[in-house]
Amino acid sequence: MRTTDREPTPPIHGLVGRVHELASVRRMLSGAGAGVLLTGDPGVGKSRLLGAALDELDGRGAGVLRITATPSWQDVPFGSVPGFAPLAGAGLAEAFQLARQRLTRSGPPGSAGPVVLGVDDVNWLDDASAALLERLLTDGVVRVLATVRSNAVNTPVVALVRRAGGLDRIDVPPLDRAGHDELVTAVLGGPVSGLALNALWRTTLGNPLFTRETLRAAIAERSLRSQEGVWKWRPGRRRTPRLYDAVELTVGVLSDEEAAALAYVAYAEPLRPAVLDRLVAPAVAERLEERGLIRLVDDGRGVLVRLGHPCSAKPSAPARDRCAAGCCASSSGRCRTTWHRSRTASG
């Protein structure tokens with residue numbers, strides 16, 4: 001039996017599993033709207049979808065300008081758009097005139113419509129850049145295709161841009177099972193066993209970033225191997241720094257209470273809501289459910305709490321002890337909160 005431990009193939013070109021989302025972007029940008037806002041959780045592939053849509057526009061001869069906003073430049077006026085920064089002492093009006101002139105000239109000869117401005121992580125725009133973008137949208141100088149995390153949709157900068165342009169919104173979900181399997185096969189560059197695909201799906205829940213880093217970690221720990229031309233995986237316990245980084249990126253920063261609640265669920269899932277109600281404050285459970293980190297499922301016998309995100313929560317000994325105590329107490333106790341009841345009826 002021949003076994004290989006090679007690294008996964010280089011990043012694949014184009015998108016996998018995003019045919020419908022890309023078609024929606026194409027349709028909306030060809031309409032009368034001012035642009036599109038791509039929203040979604042970290043790691044779902046918003047930036048890759050943005051890049052693919054802009055590449056497609058560029059290939060058709062449309063005027064395209066790309067901007068990546070970052071936290072490090074948020075306190076610098078016009079830090080996100082240095083090419084449009086006015087001379088010292090000038091204000092927004094001068095910046096607008098400069099941007100208008102340059103954007104009007106930047107489109108390819110014969111191109112129809114305004115320039116499409118691609119903004120990755122629009123919530124990190126500095127105030128001056130956001131005000132400039134608002135004016136450009138209001139005057140129809142540009143159309144916008146931007147990305148933002150779901151939990152930042154209502155930040156002041158994003159709200160300002162959305163009000164100015166009335167942007168259409170596309171929620172970018174994790175990949176469905178077919179898209180996940182297609183991505184895994186494309187990254188590994190060969191057939192993958194059904195058992196391996198099932199295990200990877202349960203681990204990553206269709207998050208593309210986490211899927212890629214899980215594959216890298218599995219290769220590194222030699223639990224994912226190609227045997228006789230078919231990739232097979234025996235899940236291991238080792239975690240690489242890149243995988244930890246991916247978990248932190250996709251899950252985000254947790255408070256101590258939220259981290260403890262996740263540890264309880266990780267230890268005892270599936271967990272009855274009454275048990276979790278005795279272990280954490282209702283507001284904590286609500287926040288975790290809103291962020292998709294825990295989910296409520298109905299197994300036909302009642303509602304249960306499960307991890308809703310592919311995070312590798314590791315329960316501590318205190319978490320195990322408290323969880324066990326909560327399980328015992330809930331056998332005769334009554335659920336004290338209602339954070340889950342609105343969803344119980346819908347399953």
Side-chain angles (χ1 to χ4, degrees), residues 9 11-62 64 66 68 112-113 116-123 143-154 158 161-162 165-189 191-192 194 197-198 200-215 246 249-250 290-292 295 297 308-310 346-347:
T9 57
I12 56 178
H13 298 289
L15 284 179
V16 171
R18 296 301 186 195
V19 174
H20 298 299
E21 288 85 354
L22 189 57
S24 296
V25 172
R26 190 183 303 121
R27 183 183 67 255
M28 291 177 180
L29 286 179
S30 64
V36 179
L37 186 66
L38 303 174
T39 67
D41 293 333
V44 296
K46 301 182 298 298
S47 298
R48 290 181 67 87
L49 179 58
L50 170 70
L54 294 177
D55 288 344
E56 187 176 282
L57 288 167
D58 203 12
R60 297 206 309 260
V64 173
R66 306 173 194 241
T68 299
V116 176
L117 196 61
V119 187
D120 202 10
D121 290 329
V122 65
N123 55 297
R143 304 179 80 182
V144 169
L145 178 59
T147 70
V148 64
R149 294 185 180 188
S150 298
N151 61 3
V153 167
N154 295 318
V158 180
V161 174
R162 293 180 69 190
L167 304 182
D168 293 314
R169 175 173 172 176
I170 296 177
D171 293 321
V172 182
L175 294 173
D176 60 17
R177 176 59 192 267
H180 164 269
D181 291 357
E182 183 183 356
L183 175 62
V184 172
T185 302
V187 170
L188 294 177
V192 185
L197 289 173
N198 288 339
L200 286 164
W201 170 254
R202 289 194 300 269
T203 300
T204 67
L205 297 182
N207 185 290
L209 172 64
F210 201 79
T211 298
R212 289 173 180 272
E213 294 308 323
T214 298
L215 292 174
L249 175 63
T250 53
E290 289 170 358
R291 292 172 63 181
R295 59 194 173 100
V297 297
H309 196 282
S346 63

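- Distance check: D55 CG to R48 CZ gives 10.5 Å after rounding to the nearest 0.5 Å.
- Separating the CG atom in L38 from the CG atom in L49 is a distance of 5.0 Å, to the nearest 0.5 Å.
- Note: N207 CG to H180 NE2 = 10.0 Å, rounded to the nearest 0.5 Å.
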Q) When you look at V184 and T211, which way does the side chain to side chain contact (heavy atoms under 4.5 Å, CB included) test go after all the steps? A) CA-CA 7 Å; V184 172; T211 298; 3.7 Å; yes
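- Between L50 and L145, the closest side-chain pair of non-hydrogen atoms falls below 4.5 Å.
- Of all heavy-atom pairs between V153 and V158, the closest is O-CG1, 3.2 Å.
- Salt-bridge annotation for D168 and R162: absent, with no side-chain N of the basic residue lying under 4.0 Å from a carboxylate O of the acidic one.
- Donor-acceptor pairing under 3.5 Å is recorded for the side chains of D120 and S47.
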**Q.** From CA spacing to verdict: side chain to side chain contact (heavy atoms under 4.5 Å, CB included), L209, E213
**A.** CA-CA 6 Å; L209 172 64; E213 294 308 323; 4.2 Å; yes
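- Once rounded to the nearest 0.5 Å, the distance linking CZ of R66 with CG of L54 reads 4.5 Å.
- For the residue pair G179 and D176, the shortest heavy atom distance occurs at N-OD1, 2.7 Å.
- Distance check: R177 CZ to L175 CG gives 12.0 Å after rounding to the nearest 0.5 Å.
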Q. Given D181 and L183, is the side chain to side chain contact (heavy atoms under 4.5 Å, CB included) satisfied, shown in steps?
A. CA-CA 5 Å; D181 291 357; L183 175 62; over 6 Å; no
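- Between D171 and R169 there is a salt bridge, with a side-chain nitrogen of the basic residue lying less than 4.0 Å from a carboxylate oxygen of the acidic one.
- Of the inter-residue distances, the one linking I170 atom CD1 with L37 atom CG reads 9.5 Å to the nearest 0.5 angstrom.
- Closest heavy-atom contact between L15 and R18: CD1-CB, 3.8 Å.
- For the residue pair F210 and T204, the shortest heavy atom distance occurs at CD2-CG2, 3.7 Å.
- The heavy-atom pair separating G17 from E21 by the smallest distance is O-OE1, 3.9 Å.
- V122 and A146 make their closest contact through CB-CB, 4.0 Å (heavy atoms, listed as atom of the first residue, atom of the second, distance).
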Q.
Is there a side chain to side chain contact (heavy atoms under 4.5 Å, CB included) between E56 and L22? Walk through the geometry before answering.
A. CA-CA 10 Å; E56 187 176 282; L22 189 57; 4.0 Å; yes
